[in-house]
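The block underneath contains the structure these notes are about, expressed in structure tokens.
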Amino acid sequence: MRAPRSRTTAALLSAAVAAPVLFAAAAPAGAQDAPRPAKHHSGQAEKAQKLAKKLVKKSTGKSAHRHLEKFQQIADANGGNRAAGTKGYDASAKYVHDRLKKAGYKVSYQNFTFYESKTLREGASVLSPEARKLNAVAFDFSKSTPEGGIQAAVAAARVDDTPGCEADDYTSDTFTGKIALVKRGACTFAEKEAAAAKAGAVGLVLYNHSGDQPVKGNLEVPENAHIPAVGITKAEGEKLAEQVGKGEVKVSVDVATKAVPHKTRNVIAETRGGRADRVVGLGAHLDSVHEGPGINDNGSGSAGLIEVAEKLAKETKGGKKLTNKVRFAWWSAEELGLLGSDHYVKSLSAQQKKNIKLYLNFDMIGSPNGAELVYDGDNSDNTGEGPGPKGSAQIEGLINGFLDKKKVPHWGTDFDGRSDYGAFIANGIPAGGTFTGAEGLKTEEQAAKAGGKAGQPYDPNYHAAGDTLKNIDRKIFATNIDVIAHAVGTYAHDLSSLKG
């Protein structure tokens with residue numbers, strides 16, 4: 001799972017290097033994929049229940065654990081990680097590709113290029129009325145200053161509920177030729193930088209809204225860079241703002257960044273049978289962060305999909321007996337900004353998007369202090385973002401119903417934009433899935449009902465070297481594989497519950 005926007009390593013999705021084979025299959029084409037009249041609902045429901053029950057029985061955490069073992073071996077042999085653009089990731093993608101091909105799926109790589117921002121210089125200082133150095137961090141993909149930096153007077157943007165986000169937070173004649181001082185919050189770093197540049201500012205100093213660390217801004221793509229930009233701490237920003245209110249303040253900003261290209265690839269596998277205008281999509285990101293092997297984040301979701309996909313193929317002769325087409329995806333560069341899934345969805349035609357009837361996401365399903373969290377499709381928890389597209393509430397209901405029958409305590413979790421469902425939701429595709437927690441803290445209620453330590457992170461090894469095979473909760477991992485199996489078995493034959 002990617003970090004919140006402010007802490008994500010910056011990267012850019014670029015043009016595809018090679019067109020994915022399976023996109024053509026997303027639209028009805030070929031005799032075997034031609035739409036045909038649906039059978040009576042009761043018959044489809046019976047087939048769905050039968051397949052779901054069989055897949056839950058056959059798909060096990062013990063069997064899936066061997067894939068985690070393989071991901072750990074790959075990381076150990078490749079510098080301790082499986083990050084996008086590295087040999088460790090490429091080996092992971094090959095492993096998935098080869099297993100799914102052997103199982104009988106139509107499998108393809110979707111190649112693309114992303115860019116990583118490298119900081120070459122970063123710094124800022126107050127020149128007057130009193131000289132002092134600022135603890136400044138360059139924005140990822142910031143526009144570079146000339147060597148030695150730029151010097152200019154400071155103009156402070158209005159601080160309100162959306163500080164520095166809108167044009168009326170700036171006055172053009174006030175900001176022209178000056179360095180804008182802006183508070184963090186409410187909109188993206190790129191939106192703040194663009195607004196400041198449009199107002200005539202020649203640079204941006206963004207200060208934090210909390211904590212004691214400088215802001216690590218991220219423009220996300222090189223094309224978003226208009227002016228040099230750095231982040232500073234809350235205390236430094238408030239002091240600067242106070243000084244600006246009393247008179248002229250001059251600062252120097254010195255920054256240089258470089259966009260470094262890397263190639264990577266998604267792995268897409270779909271069943272040979274099933275209606276191509278009724279696609280059941282599932283995905284998990286395959287890449288880790290550079291800091292560790294990423295066995296929970298997200299070897300766990302990746303392994304769960306491999307396990308269920310292989311059992312589905314075995315039980316349905318490669319998927320030839322299915323009513324609906326099932327498509328599994330292993331995304332690259334999720335940790336760099338959901339790049340693989342975003343690229344995939346952008347590459348689809350309008351009809352191909354319409355053909356995908358739902359998308360299920362599984363990102364971190366073996367957290368060592370985890371809780372069973374189900375994406376809140378109907379927004380019944382009323383926290384964060386609103387509900388998912390029509391059908392998302394029904395996906396949540398299907399998963400909750402299954403967990404209730406297994407007597408597994410579970411809670412809702414918000415579609416907060418931190419995983420690969422984002423691009424699907426943005427295109428009106430119903431979404432859902434499960435998550436067992438990242439750096440968030442386990443509640444007293446969750447600990448009382450499900451065990452574990454309250455007040456401690458769901459995964460204390462999140463984005464760290466400790467995210468290894470030793471730190472997987474095998475019980476919750478197995479539970480979530482059952483969830484995947486039940487959902488795949490149900491939707492592979494029967495989509496009627498999406499309209500319930």
For this session: Would you check, one step at a time, whether the test ring-ring contact (aromatic ring centres under 6.0 Å, His included) holds for Y421 with F415?
Result: CA-CA 8 Å; Y421 49 75; F415 281 125; 5.0 Å; yes

Problem set entry | Steps toward salt bridge (Lys or Arg N to Asp or Glu O under 4.0 Å) verdict (D363, R418) | CA-CA 10 Å; D363 186 354; R418 289 179 59 184; over 6 Å; no

For this session: Give the intermediate values and the outcome of side chain to side chain contact (heavy atoms under 4.5 Å, CB included) for residues K106 and I268.
Result: CA-CA 8 Å; K106 293 180 182 177; I268 315 291; over 6 Å; no

For this session: Go through D90 and T86 one step at a time and tell me if the side-chain hydrogen bond (donor to acceptor under 3.5 Å, both in side chains) criterion holds.
Result: CA-CA 6 Å; D90 291 344; T86 69; over 6 Å; no

Exercise. Where do D160 and T162 land on the side chain to side chain contact (heavy atoms under 4.5 Å, CB included) test, with the steps shown first?
Worked result: CA-CA 5 Å; D160 53 16; T162 58; 3.6 Å; yes

Exercise. Between S117 and K258, does a side chain to side chain contact (heavy atoms under 4.5 Å, CB included) hold up when you go through it step by step?
Worked result: CA-CA 6 Å; S117 182; K258 179 182 179 181; over 6 Å; no

Exercise. Given the rule in the side chain to side chain contact (heavy atoms under 4.5 Å, CB included) test, do Y109 and V267 qualify, once you have shown the distances and angles that lead to the verdict?
Worked result: CA-CA 5 Å; Y109 288 122; V267 182; 3.9 Å; yes

Exercise. Run the side-chain hydrogen bond (donor to acceptor under 3.5 Å, both in side chains) check on S341 and D420 step by step: do they pass?
Worked result: CA-CA 6 Å; S341 55; D420 291 300; 2.5 Å; yes

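D473 places no side-chain N or O within donor-acceptor distance of the main-chain N or O of F477, the cut-off being under 3.5 Å. In this structure, the side chain of Y170 does not engage the main chain of A195 through any donor-acceptor pair within 3.5 Å. Side chain of N298 to main chain of L286: no donor-acceptor pair is present (N/O by atom type, distance under 3.5 Å, no hydrogens or angles). With D342 contributing its side chain and L338 its backbone, the two residues share no donor-acceptor pair below 3.5 Å. In this structure, D376 contributes its side chain and G412 its backbone to no donor-acceptor pair below 3.5 Å. Distance alone, capped at 3.5 Å, is enough to place a donor-acceptor pair between the S142 side chain and the A229 backbone. At least one donor-acceptor pair under 3.5 Å links the side chain of Q446 to the backbone N or O of T443. Looking only at distances, no side-chain donor or acceptor of E236 sits under 3.5 Å from a matching main-chain atom of L134. Here the side chain of E122 pairs a donor or acceptor atom with the backbone of A138 at under 3.5 angstrom. No side-chain donor-acceptor contact under 3.5 Å links K143 to the backbone of V255.
Within a 6.0 Å radius of CG in D161, no more than 12 heavy atoms belonging to other residues, nucleotides or ligands are found. More than 12 heavy atoms of other residues, nucleotides or ligands shown are found within 6.0 angstrom of NZ on K442. Annotation for E130: atom CD counts as buried by contact number, over 12 foreign heavy atoms lying within 6.0 Å.
The shortest non-hydrogen separation linking T468 to P293 is CG2-CG, 4.0 Å. Nearest heavy atoms, A84 versus L336: CB-CD1, 4.4 Å. The two residues Q72 and L469 make their nearest non-hydrogen contact at OE1-N, 2.9 Å. Among all heavy-atom pairs drawn from I179 and L204, the shortest one is CG2-N, 4.2 Å. Between F141 and V221, the shortest heavy-atom contact is CD1-N, 3.9 Å. Annotation for A309 and L100: closest pair CB-CD1, 3.7 Å, computed over non-hydrogen atoms.
For the residue pair E220 and N224, no side-chain donor N or O sits within less than 3.5 Å of a side-chain acceptor on the partner. In this model, a donor atom of one side chain and an acceptor atom of the other lie less than 3.5 Å apart for S419 and N361. At a cut-off of 3.5 Å, with distance as the only test, a side-chain donor of N480 or E372 sits close to an acceptor on the other residue. H463 and E335 share a side-chain donor-acceptor pair at under 3.5 Å. In this model, no donor atom of one side chain and acceptor atom of the other lie less than 3.5 Å apart for S392 and E396. N296 and D467 are not linked by any side-chain donor-acceptor pair at a separation below 3.5 angstrom, with hydrogens and angles left out of the test. With 3.5 Å as the limit, one finds no donor-acceptor pair spanning the side chains of D381 and T383. In this model, a donor atom of one side chain and an acceptor atom of the other lie less than 3.5 Å apart for D254 and T145.
No side-chain heavy atom of I425 sits under 4.5 Å from any side-chain heavy atom of N427. In this structure, L358 and I395 have side chains that are in contact, with non-hydrogen atoms separated by less than 4.5 Å. Between D168 and R158, the closest side-chain pair of non-hydrogen atoms falls below 4.5 Å. Looking at heavy atoms from C-beta onward, I295 lies out of side-chain contact with N471 at the 4.5 angstrom threshold. K198 has its side chain out of reach of H226: every pair of non-hydrogen atoms, C-beta onward, lies at least 4.5 Å apart. Residues W330 and I306 meet the side-chain proximity criterion, which asks for heavy atoms closer than 4.5 Å. Between P228 and I150 the shortest side-chain heavy-atom distance falls below 4.5 Å. Here the side chains of Q243 and P129 are in contact, with some heavy-atom distance below 4.5 Å.
Every ring-ring contact (aromatic ring centres under 6.0 Å, His included) that H262 has, sequence neighbours left out, goes to F114.
For the atom pair CD1 (I476) and OG (S367), the distance works out to 7.0 Å, reported to the nearest 0.5 Å. Here the straight-line distance linking atom CD of E307 with atom CZ of R99 works out to 9.0 Å at 0.5 Å rounding. Separation of atoms CD (E291) and CG (N81) is listed at 8.5 Å; rounding is to 0.5 Å. Of the inter-residue distances, the one linking R265 atom CZ with H97 atom NE2 reads 8.0 Å to the nearest 0.5 angstrom. Atom CD of Q213 and atom CD1 of I232 lie 13.0 Å apart (nearest 0.5 Å). Atom CG of residue N218 and atom CD of residue E193 lie 11.5 Å apart, to the nearest 0.5 angstrom.
A cation-pi geometry, defined here as NZ or CZ lying under 6.0 Å from the six-membered ring centre and within 45° of its normal, holds between R82 and F71.
Between Y359 and the options Y375, F424, Y344, a ring pair (Phe, Tyr, Trp, His ring centres under 6.0 Å) holds for only F424.
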